[in-house]
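Basis for what follows: all heavy atoms, side chains included, without hydrogens, waters or symmetry-related copies. We number each residue from 1, following the sequence as shown.
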Amino acid sequence: MNVTLKKTDVELALAEEFDRLSTKLPGGRAVSALRRQAMAVFREHGLPHRRVEEWKYTDLRARLKTPLQTRVVDDTNVSAKELNAALGALATLDAHRIVLINGHYRRELSKHDTIADADVRPLSNALRVMPDEAATRMLRGAGPESESVVALNTAFASDGAVISVAGRLTKPIFIIHAEAGQKPGHTVMRSTIGVLPGSEATIVEVFVTLAGAHAGCVNSATEIGLGKGAKVSHLKVTVGAGTHISSCAPTLEAAAEYRLFHYTASSELVRNQVFPLFTGEGAKLDISGAMLARAKEHCDTTLVIDHAVPGCESRELFKTVLDDTARSVFQGKVIVRPDAQQTDGKQMANALMLSERAEFDSKPELEIYADDVVCGHGATVADIDKNLMFYLLSRGIPRDEARAMLIESFIGEALDKVQDEALRAALGEMATGWLAG
């Protein structure tokens with residue numbers, strides 16, 4: 001029996017806002033038509049809630065109570081010093097930068113004009129100058145079209161990064177998303193990344209909130225296409241967020257290799273959902289992450305990995321540290337289609353509980369329609385090992401320092417997945433700062 005839910009104030013406000021702002025969003029007629037179709041999906045489904053199986057642990061409908069103004073334009077003044085202060089250990093990263101403040105591109109803070117073997121431009125510009133077919137392509141494919149938050153992103157996305165890589169980049173491309181200003185808002189952004197056959201790139205996406213700013217609601221979507229034999233390392237860092245919803249859809253052609261790492265800390269509510277699709281044989285996928293939460297923070301990682309062709313490999317490893325009444329969710333679904341023989345898929349989620357009041361929900365799933373496969377999953381929940389703590393204390397190490405050492409050791413296995421030494425060191429420094437806090 002289907003029950004029709006009464007629309008909330010936020011859902012009604014978003015629909016009314018789209019009607020009012022749709023003509024101000026970038027793109028031609030085809031893009032406008034696509035936005036209207038996406039908004040129709042959102043009007044039908046509304047915000048996801050606990051009766052939606054994929055969202056039963058993260059009730060976004062109940063979470064969002066107050067309508068926020070969507071940031072279709074923004075001119076908030078931000079200095080490079082303020083931005084670097086928010087980036088912390090990542091500020092010194094030697095990388096090409098594309099900066100978005102409240103979801104909008106800022107040329108004066110960006111540094112990407114001299115990248116060899118890559119084209120980088122803001123989405124707002126691309127939607128205005130590209131032909132209809134190419135423009136609409138950039139607003140498709142960031143997740144299931146029936147996923148209401150993806151549909152909402154398609155409807156409102158006005159800026160982001162459009163990146164095309166046609167070679168082996170020697171430095172990372174750093175996409176910085178910063179929330180700024182005294183008034184929280186609804187920020188929507190979309191990035192499209194294409195990596196041509198044989199090319200290699202490191203992409204770093206960072207979401208931060210500037211000092212003194214009030215974090216609002218962020219809806220971010222990223223589509224990544226890997227050509228034959230392409231290699232991509234993708235790092236996503238989220239710190240200091242209010243309500244943050246991220247959708248990522250990588251597509252892997254034959255022999256492509258995609259590595260994704262999530263670092264999430266000090267954020268009220270974060271949901272990272274990833275929808276990888278294998279379209280070519282011999283491709284490899286590695287998704288891992290470290291989630292650090294305390295107080296009433298909530299962190300949700302949801303993966304739907306689609307093995308549609310034979311001979312591909314997927315690995316997932318997530319480490320979560322929870323204190324106070326924090327809550328973490330891990331949902332990992334692996335689909336192996338009938339023709340996807342010789343699939344190798346494994347996933348593991350581990351949680352370290354620093355408080356008896358914290359909660360960890362793990363929901364691994366295997367949906368297998370082939371018989372020549374190697375697939376498995378696992379999950380563990382534990383507190384700090386008392387024997388290890390005694391060992392450290394007996395050697396004169398102060399209790400707080402010993403506790404931090406054990407926590408760092410726990411998440412270290414996940415951090416080791418980050419191959420770039422500078423990035424790994426920066427994340428380690430950020431994790432140490434979280435522990436000190």
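- For Q69, the CD atom sits in a loose shell: 12 or fewer heavy atoms of surrounding residues, nucleotides or ligands are nearer than 6.0 Å.
- H377 and F330 have their aromatic ring centers separated by at least 6.0 angstrom.
- The number of heavy atoms from other shown groups lying within 6.0 Å of NZ (K7) is above 12.
- No option in H298, H49, E268 other than E268 meets the side-chain hydrogen bond (donor to acceptor under 3.5 Å, both in side chains) test with R63.
- In this structure, K111 places its NZ atom where only 12 or fewer heavy-atom neighbours from other residues, nucleotides or ligands lie under 6.0 Å away.
- At a threshold of 4.0 Å, the pair K319-D416 does not count as salt-bridged, since none of the basic side-chain nitrogens sits closer than that to a carboxylate oxygen.
- In E133, the CD atom is not crowded: 12 or fewer heavy atoms of neighbouring residues, nucleotides or ligands sit closer than 6.0 Å.
- Between H262 and F318, the ring planes are tilted. Angles from 30° to 60° get that label.
- Checked by atom type and distance alone, the side chain of D372 never pairs as donor or acceptor with a backbone atom of Q341 at under 3.5 Å.
- Applying salt bridge (charged side-chain N to carboxylate O under 4.0 Å, His left out) to D286 and the options K346, R315, K417 leaves one that passes, K417.
- In the displayed structure, K284 atom NZ is contacted under 6.0 Å by at most 12 heavy atoms of other residues, nucleotides or ligands.
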*After noting the C-alpha distance and the side-chain angles of W55 and Q331, does the key distance pass the side chain to side chain donor-acceptor pair (under 3.5 Å) rule?*
CA-CA 10 Å; W55 288 80; Q331 299 183 106; over 6 Å; no

*asked:* Does I245 form a side chain to side chain contact (heavy atoms under 4.5 Å, CB included) with L152? I'd like the steps, not just the answer.
replied: CA-CA 11 Å; I245 309 299; L152 191 65; over 6 Å; no

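- In this structure a side-chain-to-backbone donor-acceptor pair under 3.5 Å is present from E297 to R294.
- Using a 4.5 Å heavy-atom threshold, the side chains of L47 and F42 count as touching.
- Heavy atoms of other residues, nucleotides or ligands lying less than 6.0 angstrom from CG of D19 number more than 12.
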